[in-house]
Trainee: 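Got a structure for you, questions after.
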Protein chains: 2
Amino acid sequence: MKHSIGEAARLSGVGIETIRYYEREGVVPPPLRTGSGRRVYDDDGVSQLRFIRRCRDLGFPIGEIRMLLSLATERQRACAEVRTISERHLESVRRKIRDLVELETALADLHGQCGDGRRDCPMLGRLFGE
Amino acid sequence: MKHSIGEAARLSGVGIETIRYYEREGVVPPPLRTGSGRRVYDDDGVSQLRFIRRCRDLGFPIGEIRMLLSLATERQRACAEVRTISERHLESVRRKIRDLVELETALADLHGQCGDGRRDCPMLGRLFGE
DNA sequence: TCTTGATCCTGTAGCCGCTACAGGATGCAT
DNA sequence: ATGCATCCTGTAGCGGCTACAGGATCAAGA
């Protein structure tokens with residue numbers, strides 16, 4: 001089946017402007033065009049877009065999605081390499097979680113010092129002090 | 001004491017270019033200048049910069065730092081308002097943590113399906129499928 | 001056939017919070 | 001006088017979109 005960019009967007013869950021952005025950035029190949037210049041996507045194109053959206057939902061950066069996509073479309077589906085990429089990404093997600101949890105602790109600690117008064121906030125004092 | 005921008009950067013832990021950026025954006029007021037046009041910071045200016053850096057370390061966005069800073073420099077130190085801002089921020093940090101933990105689960109799950117083989121990666125299959 | 005409204009096109013600018021230049025002017029020590 | 005550090009302004013880039021402006025085209029109804 002052939003689809004307009006709007007249909008492709010609906011089917012894949014990727015916004016129209018974002019699809020064009022991916023094309024500009026070379027994440028997806030440029031699709032065919034109608035005589036009047038409108039983009040035409042086939043089912044494979046839509047699948048690629050859906051794949052990208054799922055990867056983005058998982059927080060993969062564009063560069064790694066590009067790698068995953070080329071592994072996938074070259075039909076190699078090289079598991080070991082996918083494993084490496086997803087492992088690296090998983091590690092970065094876990095690092096972010098650790099950082100945020102640390103931050104949460106510090107923030108909750110500071111926040112806890114705030115009373116209900118209207119002056120001389122201890123949190124501001126701590127942030128300004130030294 | 002008076003300080004050059006370089007000294008202010010060292011003392012506050014904020015980069016030189018970042019200080020100028022904060023000035024452009026109106027986060028800090030423009031400092032005095034020497035005859036030849038170089039910026040001069042006093043200790044209060046350095047304290048403000050340090051305050052901003054600490055807030056940034058805590059993940060506060062610039063807009064909220066602006067509010068905190070005005071609360072602080074107006075000498076009102078209104079604790080209740082600081083509480084509101086930090087509460088909102090804390091909530092957004094916690095939301096981020098929840099999102100990331102969810103993401104981590106999904107990712108680890110997918111990642112766990114990858115074997116050591118070189119073809120037909122189940123993770124790619126899942127990402128492409130429908 | 002005409003008109004309306006939806007959809008599409010390109011190109012550009014903005015978001016956040018910096019960071020990294022380029023290209024030039026000072027300041028300070030020797 | 002020389003040389004190097006530091007400073008200045010202005011601009012562009014990062015990632016990953018998003019939001020226009022201003023125009024072309026399409027499909028459906030009257």
Side-chain angles (χ1 to χ4, degrees), chain A residues 2-28 30-41 45-46 48-49 51-69 88-89 92-93 96 99-100 103, chain B residues 2-28 30-41 45-46 48-69 89 92-93 96 99-100 103:
Chain A
K2 303 298 182 184
H3 314 279
S4 70
I5 194 172
E7 279 171 6
R10 269 188 300 279
L11 292 169
S12 66
V14 178
I16 291 179
E17 314 259 19
T18 308
I19 293 176
R20 291 197 280 244
Y21 163 74
Y22 287 156
E23 184 184 329
R24 275 200 304 283
E25 297 298 305
V27 184
V28 292
L32 296 174
R33 301 276 188 143
T34 66
S36 68
R38 298 192 167 198
R39 291 171 179 82
V40 178
Y41 296 87
V46 172
Q48 277 196 3
L49 290 170
F51 175 86
I52 294 172
R53 185 185 53 76
R54 286 174 178 161
C55 288
R56 289 292 305 134
D57 287 350
L58 291 168
F60 281 96
I62 294 292
E64 303 205 329
I65 293 177
R66 220 188 293 259
M67 289 190 267
L68 290 172
L69 204 51
R88 181 168 60 219
H89 181 53
S92 104
V93 168
K96 254 180 219 152
D99 290 351
L100 277 178
L103 196 158
Chain B
K2 303 297 180 183
H3 313 279
S4 70
I5 194 172
E7 279 170 4
R10 270 190 299 281
L11 292 170
S12 67
V14 179
I16 291 178
E17 314 259 20
T18 308
I19 292 177
R20 290 197 279 245
Y21 164 75
Y22 287 156
E23 185 184 329
R24 274 201 304 284
E25 296 299 305
V27 184
V28 292
L32 296 175
R33 300 278 187 142
T34 67
S36 68
R38 298 192 168 198
R39 290 171 179 82
V40 179
Y41 296 87
V46 172
Q48 277 196 3
L49 290 170
R50 193 161 38 219
F51 174 85
I52 294 172
R53 184 185 53 76
R54 285 175 180 161
C55 288
R56 289 293 305 136
D57 288 349
L58 292 169
F60 281 96
I62 295 292
E64 303 206 327
I65 294 177
R66 220 187 294 257
M67 289 190 268
L68 290 173
L69 203 51
H89 181 52
S92 105
V93 168
K96 255 181 217 150
D99 289 352
L100 277 177
L103 196 158

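Any value given below was found using the heavy atoms of this structure, including those in side chains, with hydrogens, waters and symmetry copies removed.
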Trainee: Using OP1 and OP2 only, check whether a side-chain N or O of B:Thr18 sits under 4.0 Å from C:dG17.
Mentor: no

Trainee: What residues form a side-chain hydrogen bond (donor to acceptor under 3.5 Å, both in side chains) with A:Arg53, not counting sequence neighbours?
Mentor: A:Asp57

Trainee: Please list, for nucleotides 11-16 of chain C, all pairs of protein and nucleotide N/O atoms separated by less than 3.5 Å.
Mentor:
none

Trainee: Under 4.0 Å, heavy atoms only, any strand: does B:Tyr22 hit a base, just the sugar-phosphate, or nothing?
Mentor: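 Counting heavy atoms under 4.0 Å across all strands, the contact made by B:Tyr22 is with sugar-phosphate only.
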
Trainee: Between the two end axes of the helix from C:dT1-D:dA30 to C:dT30-D:dA1, each built from 5 base pairs, what angle do you get to the nearest 10°?
Mentor: 20°

Trainee: Identify every side-chain donor-acceptor pair in residues 4-21 of chain B under 3.5 Å, counting partners at least two apart or on other chains, and give the distances.
Mentor:
from    : atom 1 : to      : atom 2 : distance (Å)
B:Ser4  : OG     : B:Gly6  : N      : 3.4
B:Ser4  : OG     : B:Glu7  : N      : 3.2
B:Glu7  : OE1    : B:His3  : ND1    : 3.4
B:Glu7  : OE1    : B:Ser4  : N      : 3.4
B:Ser12 : OG     : B:Ala8  : O      : 2.7
B:Ser12 : OG     : B:Val14 : N      : 3.2

Trainee: Nearest whole Å is fine: how far is D:dC17 P from A:Arg53 CZ?
Mentor: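 Result: 12 Å.
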
Trainee: If the condition is ring pair (Phe, Tyr, Trp, His ring centres under 6.0 Å), which residues does B:Tyr41 pass it with, not counting sequence neighbours?
Mentor: none

Trainee: Ring pair (Phe, Tyr, Trp, His ring centres under 6.0 Å) with A:Phe51: which residues, sequence neighbours excluded?
Mentor: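 Here the qualifying residues are B:Phe128.
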
Trainee: Looking at residues at least two apart in the chain, or sitting in another chain, which of them share a salt bridge (Lys or Arg N to Asp or Glu O under 4.0 Å) with A:Arg66?
Mentor: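 Counting only residues at least two positions away or on another chain, A:Arg66 forms no salt bridge (Lys or Arg N to Asp or Glu O under 4.0 Å).
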
Trainee: Run the side chain to side chain contact (heavy atoms under 4.5 Å, CB included) test against B:Lys96 and tell me which residues pass, sequence neighbours left out.
Mentor: A:Leu100

Trainee: Once salt bridge (Lys or Arg N to Asp or Glu O under 4.0 Å) is applied, do any residues pair with A:Glu64, and if so which ones, sequence neighbours excluded?
Mentor: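 Checked A:Glu64 against salt bridge (Lys or Arg N to Asp or Glu O under 4.0 Å); matches are A:Arg88.
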
Trainee: Please list, chain by chain and in numerical order, all residues satisfying salt bridge (Lys or Arg N to Asp or Glu O under 4.0 Å) with B:Arg33, sequence neighbours excluded.
Mentor: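 Salt bridge (Lys or Arg N to Asp or Glu O under 4.0 Å) check on B:Arg33 returns B:Glu23.
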
Trainee: On a heavy-atom basis, which atom in B:Arg56 and which in B:Tyr22 lie closest, and how many Å separate them?
Mentor: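 Shortest heavy-atom separation between B:Arg56 and B:Tyr22 comes out as CG-OH, 3.6 Å.
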
Trainee: Short of 4.0 Å, heavy atom to strand atom, which residues of residues 33-40 of chain B count as contacting DNA chain D?
Mentor: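 Heavy-atom contacts with DNA chain D come from B:Arg33, B:Gly37, B:Arg38, B:Arg39.
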
Trainee: In whole angstrom, give the distance that lies between atom CD1 of A:Ile16 and atom P of C:dT7.
Mentor: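 Going from CD1 in A:Ile16 over to P in C:dT7 covers 8 Å.
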
Trainee: Find the distance A:Ile5:CD1 to C:dT10:C1' and express it as a whole number of Å.
Mentor: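 That distance rounds to 12 Å.
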
Trainee: In whole angstroms, how far is the C1' atom of D:dA5 from the CD atom of B:Glu7?
Mentor: 13 Å

